[in-house]
Amino acid sequence: MQTEQQILSQLNEHQKESVIYCDGPQLIIAGAGSGKTRVLTYKIAWLLTHYNMKPWNILALTFTNKAAKEMKERIAQLVGQQRAQQLQMGTFHSIFAHILRVEATAVGYGSDFTIYDETDSRSLLKNIVKEMGLDDSIYKPANVHSIISNAKNRLLDVNQFAVHYSNSSNTNHDLTDLPNIYLTYQQRLVQANAMDFDDLLFNTFLLLRDHPDVRAKYQQRYQYVLVDEYQDTNFAQLQILQLLTEHNPHVCVVGDDYQSIYAFRGANIGNILNFNKTFSNAKLFKLEQNYRSTQNIVAAANSLMKHNRQQIAKNVFSRNDEGDKVVEWETISDKREATVVCHEIKRLMRAEGLHYSDFAILYRTNAQSRTFEEEMRKPEVGLGSHYQIYGGTSFYQRKEIKDVIAYFRLVVNPSDEEAFRRIINYPTRGIGNTTLQKIVVTAQRDNTSLWDVINHPGEHLLDVNKGTMTKLSNFTSLIDSFIQRLHTNNALQLAQSIIEQSGIKKDLAVDSTPEGEARRENIDSLISGIADFVDSQMEASLADHALLTDYLSTVSLLTDADNTDDSDDKIKLMTIHAAKGLEFNTVFVVGLEKNILPSIQAAEGNQLEEERRLLYVAITRAEKHCYLTWAHARWRYGKMDPFVEPSCFLDDIDPTFISKKSEGGSAMSQGRPWENDGHSRPWSDNFEIDQPYTGFHAWGDGYRKASNRMQNSRPVAGQFMADMKPKITGPHRREEAVNPFSQRMEEKLKSTGRWSRVSKAMANGGRLATSDASASSYSMANGQQLKVGNVIEHSRFGKGTVTAMTGTGENCKATVEFEETGTKQLLLKFSHFTIVG
DNA sequence: CACGTCACTGTTTTT
DNA sequence: CAGTGACGTG
């Protein structure tokens, strides 16, 4: 807990002004590394302490769950756990989903609506296109969805879209049926009691616009509204923000137009550029001092941005050391690029005593991670257990996980069409495509859900033979038996029953391949995740309130990024998008090539400017060292492209701040190196080679074979880290070393057998054994040795003294008086704590 | 209806 | 290359 004066003393003048000003709409332009998160968290602390606001009256909207979680933790350090916990803080999507569950009937939904993810939306669209007799190679589901998504982000309903679409001069006339598809898509969503991501915004807008009583309620609740990453908001989000604050001047938005990298998803940079017009009497604040990076890095990044037209004038500067120049490194091939990067990492570790976690490799597309993964896993490189890939195939995208979740979805919301389709014949139960089509046709004729048809086949005159009918009725009674238990069993019990009784467990058990093993472990990880969810719900509310419904509504909006932990000492590999908000001692931005960065899709105009901002974000993640690498030859789409050109952005950066390196030295500039005879080692004088020279057939047969070998030995599930903690960002990185939260998190990781199991299985995709020396586990059984009088440190409630113990075994409960948060009952089976006295 | 084989196609970023 | 869909066979 800190006093007002302590809070203010940790801020510079501009930060302080931004924190203290609470008299009206406020836009804070916060340059990279300028302490944006610090200002937001301190401002919220200020509202709580100086103005005595109730935490539940403060709404703070972020772009990612991760950012919300991190901010909550940092606020907790300032004002205590309890108040931080009660803040209304989360992503637009999660906060609005929550509101919509409460107000569901007002927008024509049931409160157990499913949230369709991208895959569900595309799959539904694909079905619709087929049903309408259209060609899905013209109406590509992904493309159609992005058009509909854009329309929804601009709050165009079907009718408005149709008008808009027919009037639009640049209409692609091949796609005249788009309005019809949108119409059907929307009808089917409603029929399935499902919303897609965009509906969460659209329906919230409609709810607030059309229901004055509801609007008044939330206007009253949210007395101060703060928005992070404002440059990434879209039209719909702005409209909602305006509705929520129409009578309320207490709006604070923070952003950086330089870091707007989500226009492709509808983000409107105009929101930040026009803030002062949208909100009258708005006041502008600028944070321009970068505390993160060296002067050279900041200057290089600034010089790049001079080439963008659309921007708010600003002068980002650093008073840190001048530092090294940004290194531009030209390599012969993508494989060599990976080699160079790994070498450089090892060299810097030796030279400067850096840790693995000081490094990040950032790329434009997820596919680029592969070359680096393969390089690091070579025995002679020896980095196989020291890296961690973010993103890629998310845990929740894995087939086996989606299958299980589909069961959950159907049980919670039987109308869910996509879930139904996914599991009606998984595990195989003899209900094939023919039967499914009959069900679909019947459902459409009778204007009802697929579930309703098989649940009441007689009423709907479903025409299938007797054997099939038996199979269907077995399926419905199975699902029904789960539905019966929905409100009596907790999420964990029900989930386990579903996995067993559905036959999923058995189906996976017979698979003795390593892939099957990995799938089983993924399922175990999911179960562990549910156990942990139940645990946190029980601790938080002490009610029997951890139902499958609750789990599902949380999990639908989770992404793998929300569960990744940076506290491990690992080299981080991720897309530039995923790196936003993070910082690293040393950053390698790789693949700086034409058609990669900038992407082939974004060759000109606004899109090119966005790509340039993307590079800006990447460079400004670096504190001390920044490398920009590119390769002359790249293996892509199963083919070698030997004529790669460097990115045009490399020429945009002022050469004063760059030092150029090239693998081939002068040989490179004299001609294409692959035109050499293949027996020289043109790059050898630049650094030592620690692998056998393979010559230029590197992109001939040998290359391909090597690549296949790697492919076969790759972990099936890829890499995924469970429940990890975001890195604390902010100007003063040093505070991280003593950040109590990091320590607490580590304790948490070590304190439960469950955690190490989860993180290990997920991190390794079930197969790849990494070095995991730290996991000294403290199992829950030990927790039962707890005695009255013990002092414990709880992962959420802090320090407290045990005053009573009840129950035995599974049901062993402790009554604990926490210093900060009062008396709680802990079910030991589920609690995370360590005994400290 | 299940399963295996084969050809095709598409690859940006993500709440 | 990898994931998907079409098609043929058991």
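Letters A, B, ... are given to chains in the order of the sequence lines, protein chains preceding strands, and every chain is numbered from 1.
- A salt bridge is absent between A:Asp198 and A:Arg265: the closest approach of a Lys/Arg side-chain nitrogen to an acidic carboxylate oxygen does not fall below 4.0 angstrom.
- Side-chain atoms of A:Thr365 lie closest to B:dT13 of the nucleotides B:dT11, B:dT13, B:dA2.
- Distance A:Arg636 CZ to B:dT11 C1': 8 Å, rounded to the nearest Å.
- A centroid separation of 6.0 Å or more is found between the aromatic rings of A:His145 and A:Tyr116.
- Which of B:dT15, B:dT14, B:dA2 sits closest to the side chain of A:Thr428 comes down to B:dA2.
- To the nearest angstrom, C1' of C:dG3 lies 13 Å from CZ of A:Arg122.
- Of the residues listed (A:Asp416, A:Asp403, A:Asp120), the one engaging A:Arg422 in a salt bridge (charged side-chain N to carboxylate O under 4.0 Å, His left out) is A:Asp403, and it is the only one.
- Here the P atom of nucleotide B:dT13 and the CG atom of A:Leu615 are 17 Å apart, to the nearest Å.
- Rounding to whole angstrom units, CZ of residue A:Phe96 and C1' of B:dT15 are separated by 12 Å.
- With sequence neighbours left out, the salt bridge (Lys or Arg N to Asp or Glu O under 4.0 Å) criterion links A:Asp112 to no other residue.
- Atom NZ of A:Lys126 and atom P of C:dG3 are 14 Å apart (whole Å).
- Two residues, A:Ala578 and A:Gly430, neighbour DNA chain B, and the one matched to the more 5' nucleotide by heavy-atom proximity is A:Gly430.
- In this structure, A:Phe264 packs face-to-face on the six-membered ring of B:dT13, meeting both the 5.5 Å centre cutoff and the 30° plane limit.
- Closest contact between the side chain of A:Thr435 and the listed nucleotides B:dC1, B:dT13, C:dT4 involves B:dC1.
- The CG-C1' distance, from A:Asn65 to B:dT14, rounds to 12 Å in whole Å.
- Between the A:Thr470 side chain and the A:Lys466 main chain, a donor and an acceptor come within less than 3.5 Å of each other.
- Residue A:Glu118 is in base contact, counting any heavy-atom pair closer than 4.0 Å across all strands shown.
- Checking B:dT11, B:dT15, B:dA2 against every side-chain atom of A:Tyr637, the shortest atom distance belongs to B:dT11.
- Side-chain proximity of A:Thr434 to B:dA2, B:dC1, B:dT13: nearest is B:dC1.
- At a threshold of 4.0 angstrom between heavy atoms, the contacts of A:Lys140 are confined to the sugar-phosphate backbone, with no base atom among them.
- Here the side chain of A:Ser647 pairs a donor or acceptor atom with the backbone of A:Leu597 at under 3.5 angstrom.
- In this structure, A:Phe92 reaches neither bases nor backbone, as no heavy-atom distance under 4.0 Å exists between it and the strands shown.
- Nucleic acid contact class of A:Asp198 (heavy atoms, under 4.0 Å, all strands): none.
- For A:Asn425 and B:dC3, the CG to C1' distance is 12 Å, given to the nearest whole Å.
- Between B:dT13 and C:dT4, the two C1' atoms lie 23 Å apart (nearest whole Å).
- The distance from atom CG of A:Asn595 to atom P of B:dT13 is 15 Å, rounded to the nearest whole Å.
- Residues A:His145 and A:Arg429 each lie close to DNA chain B; by heavy-atom proximity, the contact nearer the 5' end of the strand is made by A:Arg429.
- Look at A:Asn366 and you'll find a side-chain N or O under 4.0 angstrom from OP1 or OP2 of B:dT14.
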